[in-house]
Amino acid sequence: MQGIAVPAESVRPTEFFARTRRHFQLEKATTWAGLGGQDVVELKKSDVLGGLTIRFKGSLVITLPSGTAATTARWPYDLIRQVRFTANGASNLINVSGLKLKVREFQVRADLNDRGVSNTVGGVAKTQGTLAKASESWGVGSASTLSAGTYDVDLEWFVPVAEDQVDLSGAIFCATSSTDLTLTIDWEQASNLFALTGGATAVINTGVVEVHSTKYAIPIGADGQIVIPDLSLFHSIIQSRHTAISNAENEIRLVGQGAGKSLLRVTYQLWNGANPGAPLAMNKTNFSKQSWRYAGNETPDEYQDGQVMRLVNERFYNSDIAAVWGFGAHEFAAENAFRDAVDMGTTSELRLVVGIQSGVTLTNPGLEYVQETIFQAGAGA
């Protein structure tokens, strides 16, 4: 049970779900470590942990005594360069950037959508596909030229410790002194968020970070024993980057295969251009066939081009994740995870296949992709 000793007779999922109650609690509020800095949060040892919400509040001050200022395509959600969550000795359960966390929330909650929430991207107002909530504030647009002034910034990211907040697969038992839960937030460097010339400056002031937890109370059963759900699984979201990209069909081998592991989805973007670059829109102009393979040449799913993948993904997620941020995804869990999840123990040589159209000019390309898995506690991360 995830390295934690719990009496076997206490594992009674049906009774747990009948008796438990969800709690939303503040774990820590702290002064922001700053661009390029790091905030580390040790979580309180209570209840069963389902997820964490990171909130950032601050003000962005742009000064233009001379020169120009603009945001890159990393603004605003890749303000978090990397989130890492470790539990009970299992390292890298979650290791992912802020933007990838945002798209994942829309992927698993089709009732959540960004339609009608206006934000500026590339100097143009966008009302679909930004992954923004109306309650958030970007302060300034993404990949946009900036004017001098002070802008309020209020951003939120959800860290899914459990794969699902209903069945709690992958949730963590916290109510013991032997539990060790750590959330580490690495913040992006200024040079990857802002493009400045002359004497222009971009400074984030009065930054505050809040980490809230979504936990579930551990009830006492009719026999006097504590009652918990099945906590034999871990949930993992790991981001990687592949730079050997060409105008052809690119095969990227997915790492971490093993018995007892199931692949729920693979999500990816192709960043292109001078560092930090920008994601290419997932459409027919940029992308040819998109697929995944295993063994010699087994190809279960194949999308004719990027536009077909875009259409299918929007139907799954109720958000056009391809247009603004250029996401594509192979989805195995949205409608029936038990049927469609990929067994990583029996599908040898699992590969992501990304076709790039010949007319695309590639400059410093990097494919950023995320594997989301669920696995038995003894299978390793």
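- Tested against L60 for a side chain to side chain contact (heavy atoms under 4.5 Å, CB included), the candidates N205, V153, T150 yield a single pass: V153.
- Residues D78 and S97 come closest through the heavy atom pair OD1-OG, 3.3 Å.
- V140 and L196 fall within the same hydrophobic cluster, defined by Ile, Leu, Val, Met, Phe, Trp and Tyr side-chain heavy atoms under 4.5 Å apart, directly or through other members.
- Here the closest heavy-atom approach between residue G139 and residue Y151 is recorded as O-CD2, 3.6 Å.
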side-chain contact (heavy atoms from CB on, under 4.5 Å) evaluation trace for Y216 with D47: CA-CA 6 Å; Y216 299 85; D47 300 330; 5.8 Å; no

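- Salt bridge absent: R315 and E331 never bring a charged side-chain N and a carboxylate O closer than 4.0 Å.
- Contact detail for F332 and L263: the closest heavy-atom pair is CD1-O, 3.6 Å.
- Residues Q38 and R84 meet the side-chain proximity criterion, which asks for heavy atoms closer than 4.5 Å.
- Looking only at side-chain heavy atoms (C-beta outward), M282 and F327 stay at 4.5 Å or farther from each other.
- Open room surrounds NZ on K289; 12 or fewer heavy atoms of other groups in view lie less than 6.0 Å from it.
- Annotation: side chain of L43 is in contact with side chain of F85 (closest heavy-atom distance under 4.5 Å).
- The nearest pair of heavy atoms linking V166 to F17 is O-CE2, 3.1 Å.
- Linking Ile, Leu, Val, Met, Phe, Trp and Tyr whenever their side-chain heavy atoms come within less than 4.5 Å puts L64 and L193 in one cluster.
- When only modelled atom types and interatomic distance are considered, W32 and D39 share no side-chain donor-acceptor pair under 3.5 Å.
- In this structure the side chain of L79 reaches within 4.5 angstrom of the side chain of L35, judged on heavy atoms.
- V370 and F316 fall within a single hydrophobic cluster, where Ile, Leu, Val, Met, Phe, Trp and Tyr side chains are chained together by heavy-atom contacts under 4.5 Å.
- Residues A69 and I62 approach most closely at CB-CG2, 4.0 Å, considering heavy atoms.
- Here the shortest heavy-atom pairing between Y369 and R241 reads CE2-N, 4.3 Å.
- Under the rule for a side-chain contact (heavy atoms from CB on, under 4.5 Å), the partners of T72 that lie at least two apart in sequence or sit in another chain are R74, P276.
- Rounded to the nearest 0.5 Å, atoms CG (D223) and CD (E15) are 6.5 Å apart.
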For R310 and Y303, run side-chain contact (heavy atoms from CB on, under 4.5 Å): C-alpha distance rounded to whole Å, both residues' side-chain angles, the deciding distance at 0.1 Å, then the answer. CA-CA 9 Å; R310 175 186 178 185; Y303 301 94; over 6 Å; no

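- In the model, Q290 has a side-chain atom that pairs as donor or acceptor with a side-chain atom of Y268 under 3.5 Å.
- Note: T361 OG1 to N247 CG = 7.5 Å, rounded to the nearest 0.5 Å.
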Given the rule in the side-chain contact (heavy atoms from CB on, under 4.5 Å) test, do L352 and L367 qualify, once you have shown the distances and angles that lead to the verdict? CA-CA 11 Å; L352 175 65; L367 187 78; 4.0 Å; yes

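- With rounding to the nearest 0.5 Å, the separation of CG in L52 from NZ in K215 is 8.5 Å.
- Between the side chains of N95 and Q239, no donor-acceptor pair of N or O atoms lies under 3.5 Å.
- K100 has its side chain out of reach of T267: every pair of non-hydrogen atoms, C-beta onward, lies at least 4.5 Å apart.
- Under a cut-off of 6.0 angstrom, the local environment of CZ in R21 is sparse, with at most 12 non-hydrogen atoms contributed by other residues, nucleotides or ligands.
- Using a 4.0 Å cut-off between charged side-chain N and carboxylate O, R351 and E249 make no salt bridge.
- A donor-acceptor pair is defined here as one N or O able to donate and one able to accept, closer than 3.5 Å; such a pair exists between the side chain of T71 and the backbone of S144.
- Just one of Y77, F56, W75 meets the ring pair (Phe, Tyr, Trp, His ring centres under 6.0 Å) condition when paired with W138; it is Y77.
- In K133, the NZ atom is crowded: over 12 heavy atoms of neighbouring residues, nucleotides or ligands sit closer than 6.0 Å.
- Rounding to the nearest 0.5 Å places CZ of R104 at 8.0 Å from CD1 of I94.
- Residue V117 is not grouped with residue V324 when hydrophobic side chains (ILVMFWY) are merged at heavy-atom distances under 4.5 angstrom, including chains of intermediate members.
- Put simply, V209 and L26 are part of two different groups of oily side chains (I, L, V, M, F, W, Y) that touch within less than 4.5 Å, one to the next.
- In this structure, CG in L155 is found 8.5 Å from CD1 in I80, a value given to the nearest 0.5 Å.
- With a 6.0 Å radius and a threshold of 12 heavy atoms from other residues, nucleotides or ligands, R22 has its CZ atom at or below the threshold.
- In this structure, P160 and V108 have side chains that are not in contact, with every pair of non-hydrogen atoms separated by 4.5 Å or more.
- A salt bridge does not link R55 to E156: none of the charged nitrogens lies less than 4.0 Å from a carboxylate oxygen.
- Open room surrounds CZ on F338; 12 or fewer heavy atoms of other groups in view lie less than 6.0 Å from it.
- Side chains of W325 and V103 form no contact here, defined as non-hydrogen atoms less than 4.5 Å apart.
- Side-chain contact between N318 and D111: absent, with no pair of heavy atoms (C-beta onward) separated by less than 4.5 Å.
- Within the structure, salt bridge (charged side-chain N to carboxylate O under 4.0 Å, His left out) contacts touching residues 157-172 (residues at least two apart or in different chains) do not occur.
- No more than 12 heavy atoms of other residues, nucleotides or ligands lie within 6.0 Å of CD in Q304, so this atom counts as exposed by the packing criterion.
- One finds the NE2 atom of H330 at 10.0 Å from the CD atom of E302 (value rounded to the nearest 0.5 Å).
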Under the side-chain contact (heavy atoms from CB on, under 4.5 Å) rule, what do D154 and D152 come out as? Steps first, then yes or no, please. CA-CA 7 Å; D154 195 337; D152 290 334; over 6 Å; no

